[in-house]
Amino acid sequence: MSAPDTVLKVADLGVSYGAATAISRLDFEIRRGEFVAILGPSGCGKSSLLNAISGLMAPSRGRVVVDGDELYLPRSRDPRLGYVFQAHRLLPWRTVKQNLEIVLAASDVPRETWDARIDEILGILHIAQFRDSWPMRLSGGQRQRVSIARALLVDPSYILMDEPLSTLDEVTARSLRQELTGICQRTGATVVFVTHSIREAVYLADRILILTRGPSTIFEDYRVPIERPRDYDDARIAEVEADIIRRIQAPWGLGPAEERQSA
Amino acid sequence: MRIAEKRAWSVSALLLLLPAWWIAHRSTTFIASPAEVFVHLPGFLADPGTWLNIGVTLWRVAAGLALGVAAGFFAAFAMRHSRLLREVLGYYVTGALRTPSAIAAILAVAIFRGSEAGYIAVVAFITFPYMAVGLRDGLESADRELDELAQIYHLGLWPQIRHITAPFVAPFIFSALRNAHALAWKVIVVAEIFGAARTGFGAAFEHAWNYMLMVEVHLWLLVFMAIVLLAEYGVIRRLETFVFRWRG
Ligand SMILES: Nc1ncnc2c1ncn2[C@@H]1O[C@H](COP(=O)(O)OP(=O)(O)O)[C@@H](O)[C@H]1O
Ligand SMILES: [Mg+2]
């Protein structure tokens with residue numbers, strides 16, 4: 001039985017590319033308003049997982065249930081979904097506002113509310129002044145903010161984020177990371193956040209699903225024992241990070257040298 | 001470069017042609033002097049017959065180009081769609097690309113017996129492979145990542161074509177269009193001369209040449225250059241600047 005506020009349920013999920021298995025078996029549930037990080041080494045199947053959840057690719061096995069609706073077999077209804085990709089994927093030939101509008105046009109949001117909605121979401125992400133700018137005129141951090149705004153725009157049931165801060169410089173990544181939890185609280189968003197950075201996962205998430213090396217399964221469903229608000233440089237974040245590194249040493253096959261690098 | 005600076009360079013480039021022209025005039029017997037040609041220019045431009053001939057050629061180029069672009073679009077999508085069509089059309093496209101314009105002109109004129117359709121057909125035939133190849137390459141490099149974006153946000157087929165595919169292939173279309181446009185002007189004149197057309201730029205040019213009206217030959221050349229440059233810079237490049245304004 002699922003809890004009544006379950007937004008996303010993944011059961012017995014497997015993903016293969018031809019003969020190669022990327023994900024051997026995953027089961028987990030995510031509740032409304034939760035921020036869940038998915039942590040795993042490079043190539044363990046994190047992006048494949050998001051693609052299977054979002055319907056970009058069909059899983060080779062298993063079920064994905066969103067808001068009580070089965071996503072596959074039969075494909076009854078596409079959920080409202082937000083996706084923040086590693087690269088921003090804005091259309092360079094459309095202004096910020098126009099990039100958001102095509103998403104609204106494809107949804108059932110009434111047209112007379114578009115402007116207010118766009119202004120509100122851009123305000124939340126502190127990019128209201130770039131409403132009519134071309135994406136090429138924005139910095140990497142600003143573009144990723146637009147991409148997050150786009151994901152939040154249609155009140156999605158949940159948002160998938162695939163290493164969205166990994167291409168940004170550390171200073172920009174820090175400020176966006178800091179804002180992200182606040183943004184999610186304000187909008188009530190449910191987030192599945194893929195990362196390979198342990199500290200980032202500890203800082204952002206309520207729960208961390210730690211995956212094994214590929215073909216992946218869940219190694220541990222880890223509840224982060226630190227109350228909010230959190231401070232990225234807090235010693236307790238570092239402690240939890242060190243704790244996780246200890247646990248994953250065997251399943252990720254880390255030697256002492258690699259361990260220092262991951263930390 | 002600032003716009004004013006650019007203009008200044010273009011104008012000086014054109015003015016540099018004048019001394020070259022004058023030297024050519026002095027050292028040959030059949031090239032008229034610039035002064036003589038410019039004296040006759042106002043009268044030439046005031047003659048409605050001039051504009052009739054220009055209009056006819058312009059129409060042939062525009063109609064042929066439009067037809068060639070349409071055929072190129074059709075061929076590109078067909079080649080994208082099926083492997084068999086890709087093979088078969090591939091041969092046609094390569095064949096058309098390699099056909100010398102003069103041969104195409106003679107053939108079209110022979111087949112259509114000098115009728116209006118022949119002139120339009122030859123322009124279409126010469127320009128269509130450029131559009132087919134350009135657009136096919138554009139569609140082929142289409143971005144899988146943007147496809148996924150369209151899927152995630154449930155864009156329908158039409159919004160996807162309009163907002164993603166079309167802007168994505170626009171640079172390919174424009175570069176094909178430029179090539180096709182340049183060739184269209186080259187081939188239409190050849191066709192008009194070979195086809196013994198009664199009207200059109202080529203016809204007027206040949207008439208002047210046959211009767212050794214050298215000033216008129218020069219005038220036609222001047223007007224021709226002006227029109228080709230105007231079409232390129234006044235229409236195609238402007239349109240390009242507008243379409244690609246987001247590049248900033
Ligand atoms: N399109 C694909 N075709 C074949 N194999 C793929 C494809 N995409 C990913 N893989 C393989 O699946 C595994 C998981 O990849 P991915 O989900 O991208 O991992 P991660 O996002 O965790 O780095 C890798 O071994 C990768 O090589
Ligand atoms: Mg990945």
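Basis for what follows: all heavy atoms, side chains included, without hydrogens, waters or symmetry-related copies. Order of the sequence lines sets the chain letters (A, B, ...), proteins ahead of strands, with each chain counted from 1.
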ask   = Taking all non-hydrogen atoms of both residues, which atom of His154(B) and which atom of Ala106(A) are closest, and how far apart?
value = O-CB, 3.5 Å
ask   = Backbone N or O of Gly82(A) within a donor-acceptor pair of the Tyr153(B) side chain at under 3.5 Å?
value = no
Neighbour count above 12 (heavy atom, 6.0 Å) for [X] [atom1]:
X         : atom1 : value
Arg207(A) : CZ    : yes
Arg245(B) : CZ    : yes
Arg237(B) : CZ    : yes
Gln98(A)  : CD    : yes
Arg186(A) : CZ    : no
Tyr17(A)  : OH    : yes

key: Interchain contact, Arg89(A) with chain B, by part (heavy-atom threshold 4.5 Å)   =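 Both parts, backbone and side chain.
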task = With a 4.5 angstrom heavy-atom cut-off, could you sort out which part of Ala105(A) is near chain B: side chain, backbone, both or neither?
result =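 Ala105(A) has no heavy atom closer than 4.5 Å to chain B.
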Drop me the distance from [X]'s [atom1] to [Y]'s [atom2], to the nearest 0.5 angstrom.
X         : Y         : atom1 : atom2 : answer
Ile164(B) : Leu91(A)  : CD1   : CG    : 5.0 Å
Gln151(B) : Asn51(A)  : CD    : CG    : 9.5 Å
Trp246(B) : Trp134(A) : CH2   : CH2   : 9.0 Å
His163(B) : Glu101(A) : NE2   : CD    : 9.0 Å
Phe244(B) : Trp93(A)  : CZ    : CH2   : 10.0 Å
Leu149(B) : Phe85(A)  : CG    : CZ    : 5.5 Å

Part of Pro159(B) lying under 4.5 Å from any heavy atom of chain A =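 Neither; nothing under 4.5 Å.
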